[in-house]
Amino acid sequence: MATALLGAATAVSVAWLTSLVWIVSVWGAASGAAAGGFLATYAACLVGGAALLAALAFVPPVRRMAPPRRALLLCAVACPVPLTLAVATWVTVG
């Protein structure tokens, strides 16, 4: 249950941040500003976070864990950063 809640919180947070980045990029592109660097930075952050989680998943002590515990650990590690950023943007933007 906790794994599902943490995973859902992470997914919703990343979805909110991605939609906000796309909205800002479209508005910036419509006004004539270059949005490629902004999008590339966001994509690099997403790929970097996914790579860190994949690296953590293949660490031998984590690999030996039971699958439900491993999933809970990975969701617990993945959740705080996007959730904090999503809440911060929701409060300041929303």
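Everything quoted here is computed from the prediction, not taken from an experiment.
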Flag yes if Phe38 and Val93 sit in one hydrophobic cluster, no otherwise; membership is Ile, Leu, Val, Met, Phe, Trp, Tyr, and two members link when side-chain heavy atoms are under 4.5 Å apart. yes
To the nearest 0.5 Å, what is the distance between CH2 (Trp22) and CH2 (Trp27)? 15.5 Å
Can you pull the side-chain hydrogen bond (donor to acceptor under 3.5 Å, both in side chains) pairs that have at least one residue in residues 29-56, sequence neighbours excluded? Thr18-Tyr42
Using a 3.5 Å cut-off and no angle test, enumerate the donor-acceptor pairs between side-chain atoms of residues 45-56 and protein atoms at least two apart in sequence or in another chain.
none

Taking only distance into account, with no hydrogens and no angle test, what donor-acceptor pairs under 3.5 Å do side-chain atoms of residues 64-86 form with protein atoms, sequence neighbours excluded?
| unit_1 | atom_1 | unit_2 | atom_2 | d |
| --- | --- | --- | --- | --- |
| Arg70 | NE | Val62 | O | 3.4 |
| Arg70 | NH2 | Arg63 | O | 3.3 |
| Arg70 | NH2 | Met65 | O | 3.2 |
| Thr84 | OG1 | Pro80 | O | 2.7 |

